[in-house]
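Here is the structure we will look at.
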Amino acid sequence: MVPREISSLISSNWTCRGLFYLRPNKEEIMNSKQQVVSALAAVLPDTMTAAEIEAKIERPKSDGNGDFAFPTFFLAKELHQAPQLIAQGLLAQIDQSNFEQVVVAGPYINFFLDKTQVGATILNEILNDPNSYGSSDLGNGGKVPIDMSSPNIAKPMSMGHLRSTVIGNALANILTKVNYQPVKINHLGDWGTQFGKLMAAYKMWGSEAEVKADPINTLQKYYVRFHQEDKENPALDDDARAWFKKLEDGDEEATELWKWFRSESLKLFMKIYDLLDIQFDSFNGEAFYNDKMTEVVKMLEDKHLLQESKGAEIVDLDKYDLNPALIKKTDGATLYITRDLAAAIYRKRTYDFVQSLYVVGNEQQNHFKQLKAVLKELGFDWSDDIHHIQFGLITQGGRKLSTREGRVILLENVLDDAIKLARKQIDEKNPELAHADEVAKAVGVGAVVFHDLKNERRNNFDFDLAEVVRFEGETGPYVQYAHARAESILRKAGQPDLTAVDKSISDPGVWKVIKALGQFKDVIQRAAREYEPSVVAKYAIQLSKDFNQYYAHSKILVEDDEKMARLALVQAVSDVLKSSLALLGVKAPDEM
RNA sequence: GGAGCGAUAGCUCAGCUGGAUAGAGCAUUCGCCUUCUAAGCGAACGGUCGUGAGUUCGAAUCUCACUCGCUUCACCA
């Protein structure tokens, strides 16, 4: 059998990986999986390309079956042999010199990597440059605006906004790590008919003093009352519409009220963003686009896309199998989608983005389909680069939360509760801890943020405070704790310089940890491809578990030849856990 | 009715391109701190992977139908 060249893989610079084209670098070609590919390529029939072989290689679920496995079922037909016999036949020919061992288990060929050598390579890579470990170049520096958080003025920020905020923030971090340039945009809900309602309510029942004393709660109270009363008295809605029209036309009283409501609200939002340690590149909300909508309407007119229907102006989207997009209401006022059209065009012009993301709940998917369809009708090909990063609904007791009905979970309360609980735990478990308040904040907030990110973002979840602020099991604090333990060991060891030490470890108990460390880059790339922070969160839990397991069964600080190598492992775990948490927007205190 | 998402252990969820006995956490029961932080480690218990067909050497994973749940379907955002 003629050994098959794998040069095709090496010389072709581009490898297709899902949505992205990725130029493999040197170490990637030399990585462990490629060693398996080339070992197999040398003994398999010429008809199989290296890429086909690579696609068949799998990672065994149980570690008794090695690090990589190659099933032979699919060769049975071609070779007219039982898979078991094929496996044995191939094994006899395989060059095993690069592996600890290669064995046959039924129809599988299982490859065991050289643990000491692979381990030392990975640890060196991490310690040489911990900050860039796991990064890669998928994005070529392309700009990616991320529409995120976007709370509504005069309403309290709820758990729903937390989702958008922390998912958007984590995606920004993850995309940065694969060399995109995210632009975090807080598309504030500072425009729209709810301001008409709010103004109408304020004029009827409001007082300046009451608002000043407790802005958001008071405004919220007016809003809820408005909705209660307009059920009986629909005329109130006309009043609200009139007020919003005044605002849109630049009426002085309306504008003053709007500015006031907005600035009071923003002050309170900033407190929460500070607590989460999240910064934005832009606060251009809906109002920002107010003067940019006549152009959009004109574009639609020029392309003859606008139709009149029941007194309103619409774009028909029948051919997209969508309901019509309502651009202007009967009274001439614009709508949500009109502003989003203006925003999308503005972002393309301003950032020349390669992708444009909107981290918005899944209940708005119809809206984003319409948005993309209208942009497409306008002839903008980049409509395809817009992605609605939808996430699941948060319910309570199985019911949807509703601001209008005054059923909200206040984010501020949740965060406060979590911090208090963390503080209580510190007092019980580590009363001597310095900076206890700061650590309590990191742990409490970390628990809430991590809880929000650890599950697939499309899943709905029912809010349960006890679950959100849980510190045991698969939680943010669990990961933080593993990191703090690692740091504690390094402190006890006197923080030695580990970059140059021999990192060969013979203890087989470290292998799971090493393997997990080696997967960091793949994990980040998958998270970026799928816009899915939970991939990173799950990885952080897995690495923490592997490390805790090792920690519980082996003593690290014992004087022997491999002590420094073990410390290098601990340092690497600490670095990667800290990076993982940082990607999620969670802090990693050195002690807790 | 159209569109979308979902259904895996008592609860909350993993399960990557179909593959070797379906995995965690929580809860329950029981072990482990004179040794690097017990926010930890270990063990036990727990499953007709919604139902029924199909494709395949092989299906929790792919296809179709059905059942149930949630979201959404123009003058809110």
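Order of the sequence lines fixes the chain letters, A, B, ..., with proteins taken first and strands second; residue numbering starts at 1 for each chain. These numbers were taken from a predicted model, which means no experiment stands behind them.
For a distance-only test at 3.5 Å, the side chain of A:S62 fails to qualify as a donor-acceptor partner of the base of B:A20. The base of B:A74 does not come close enough to the side chain of A:D316 for any donor and acceptor atom to sit less than 3.5 Å apart. Residue-to-nucleotide contacts include a donor-acceptor pair under 3.5 Å from the side chain of A:T330 to the base of B:C75.
For A:P324, counting side-chain heavy atoms from C-beta on, the closest listed nucleotide (B:G25, B:A77, B:A74) is B:A74. When distances run from any side-chain atom of A:N366 to the nucleotides B:G15, B:C13, B:C73, the shortest one goes to B:C73. Taking every side-chain heavy atom of A:N455 into account, B:U12 is the closest of B:C26, B:C57, B:U12. Among the nucleotides B:C73, B:A77, B:U37, the one closest to any side-chain atom of A:A484 is B:U37.
In terms of phosphate contacts, A:K492 brings a side-chain nitrogen or oxygen within less than 4.0 Å of OP1 or OP2 of B:U37. Note on A:R458: every side-chain N or O is 4.0 Å or more away from OP1 and OP2 of B:A7. Phosphate proximity of B:G42 to A:Q549: present, with a side-chain N or O under 4.0 Å from OP1 or OP2. An OP1 or OP2 oxygen of B:A38 is reached within less than 4.0 angstrom by a side-chain nitrogen or oxygen of A:R485. Between B:A39 and A:K429, a contact under 4.0 Å exists linking OP1 or OP2 to a side-chain N or O. Within the 4.0 Å cut-off from OP1 or OP2 of B:A14, at least one side-chain nitrogen or oxygen of A:N459 is found. The phosphate of B:C76 (OP1 or OP2) has a side-chain N or O of A:K329 nearer than 4.0 angstrom. For the pair A:Y481 and B:A39, the criterion of a side-chain N or O lying under 4.0 Å from OP1 or OP2 is met. Taking only side-chain nitrogens and oxygens, A:R339 comes nearer than 4.0 Å to OP1 or OP2 of B:A77. Dashed line: the shortest gap from a side-chain N or O of A:Y550 to OP1 or OP2 of B:G40 is not under 4.0 Å. Distances shown here put a side-chain N or O of A:R241 below 4.0 Å from the OP1 or OP2 atom of B:C76. For B:A20, one of the phosphate oxygens OP1 or OP2 lies less than 4.0 angstrom from a side-chain nitrogen or oxygen of A:K61.
With centres under 5.5 Å and a plane angle under 30° as the test, the ring of A:F471 is not stacked against the base of B:A39.
The nearest whole Å value for the distance from the CG atom in A:L393 to the P atom in B:C70 is 11 Å. One can place CD of A:E467 at 11 Å from C1' of B:A27, the figure rounded to the nearest angstrom. Rounded to an integer number of Å, the gap from A:Q365 CD to B:A77 P is 20 Å. Atom pair A:L326:CG and B:C75:C1' shows a separation of 5 Å (rounding to whole Å applied). To the nearest angstrom, P of B:U71 lies 16 Å from NE2 of A:H388.
Note on A:S150: nothing from the nucleic acid sits closer than 4.0 angstrom, heavy atoms only. Using a 4.0 Å heavy-atom distance criterion, A:E58 is classed as a base contact. Across all strands, A:Y478 comes closer than 4.0 Å only to sugar-phosphate atoms, never to a base (heavy-atom distances). When heavy atoms are screened at a 4.0 angstrom cut-off, A:A482 is found touching no nucleic acid atom at all. A:N460 comes within 4.0 angstrom of sugar-phosphate atoms only, judged by non-hydrogen atoms across all strands, and of no base. Using a 4.0 Å heavy-atom criterion, one finds that A:P60 contacts the bases of the nucleic acid, with or without backbone contacts as well. A:K454 comes within contact range of no nucleotide atom at all, as no heavy-atom separation falls under 4.0 Å. A:N110 comes within 4.0 angstrom of a base, heavy atoms only.
For the residue pair A:N548 and A:Y478, a side-chain donor N or O sits within less than 3.5 Å of a side-chain acceptor on the partner.
Separation of the C1' atoms belonging to B:U8 and B:C13 is 9 Å when rounded to the nearest angstrom. The separation of B:A27 from B:A44, taken at their C1' atoms, amounts to 14 Å, rounded to a whole angstrom. Of the P atoms belonging to B:A24 and B:G46, the separation is 15 Å, rounded to the nearest Å. Across the C1' atoms, B:C26 and B:A9 are found 12 Å apart, a figure rounded to whole Å. Rounded to the nearest Å, the gap between the C1' atom of B:U71 and that of B:C30 is 45 Å. Annotation: B:C66 and B:G4 have their P atoms spaced 14 Å apart (nearest Å). Between B:G10 and B:G52, the distance separating the two C1' atoms is 27 Å to the nearest Å. Look at the P atom in both B:C62 and B:U17: the space between them is 8 Å, to the nearest Å.
The aromatic rings of A:Y358 and A:F368 are tilted relative to each other, their planes meeting at an angle between 30° and 60°.
Judged by Watson-Crick or G-U wobble contacts below 3.5 Å, the nucleotide B:A39 has no partner. The base-pairing partner of B:G69, taking Watson-Crick or G-U wobble contacts with both distances under 3.5 Å, is B:C5. Figure legend. B:U48 is base-paired to no nucleotide; pairs are counted as Watson-Crick or G-U wobble with both atom distances under 3.5 Å.
RNA chain B is contacted by both A:A552 and A:G106; A:G106 maps to the nucleotide lying nearer its 5′ end (nearest heavy atom per residue). Mapping A:Q390 and A:A325 onto RNA chain B by nearest heavy atom places A:Q390 closer to the 5' end of the strand.
In textbook terms, a nucleotide whose glycosidic angle is within 90° of 0 is syn, and B:C33 is one such case.
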**Request:** Could you check A:N455 against A:S534 for side chain to side chain donor-acceptor pair (under 3.5 Å), going step by step and ending with a plain yes or no?
**Result:** CA-CA 5 Å; A:N455 287 327; A:S534 69; over 6 Å; no
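A:F195 has its ring centre no less than 6.0 Å from the ring centre of A:F261. Ring centroid separation for the pair A:H451 and A:F461 comes in under the 6.0 Å cut-off.
Of the charged side-chain nitrogens involved, at least one lies within less than 4.0 Å of a carboxylate oxygen, so that A:D427 and A:R423 count as a salt-bridged pair.
Between the side chain of A:Q370 and the backbone N or O of A:P324 there is at least one donor-acceptor pair closer than 3.5 Å. Without hydrogens or angle criteria, A:D190 side chain to A:E286 main chain gives a donor-acceptor distance under 3.5 Å.
Taking all atoms of both residues into account, the shortest heavy-atom contact from A:F471 to A:A447 is CE2-CB, 3.6 Å.
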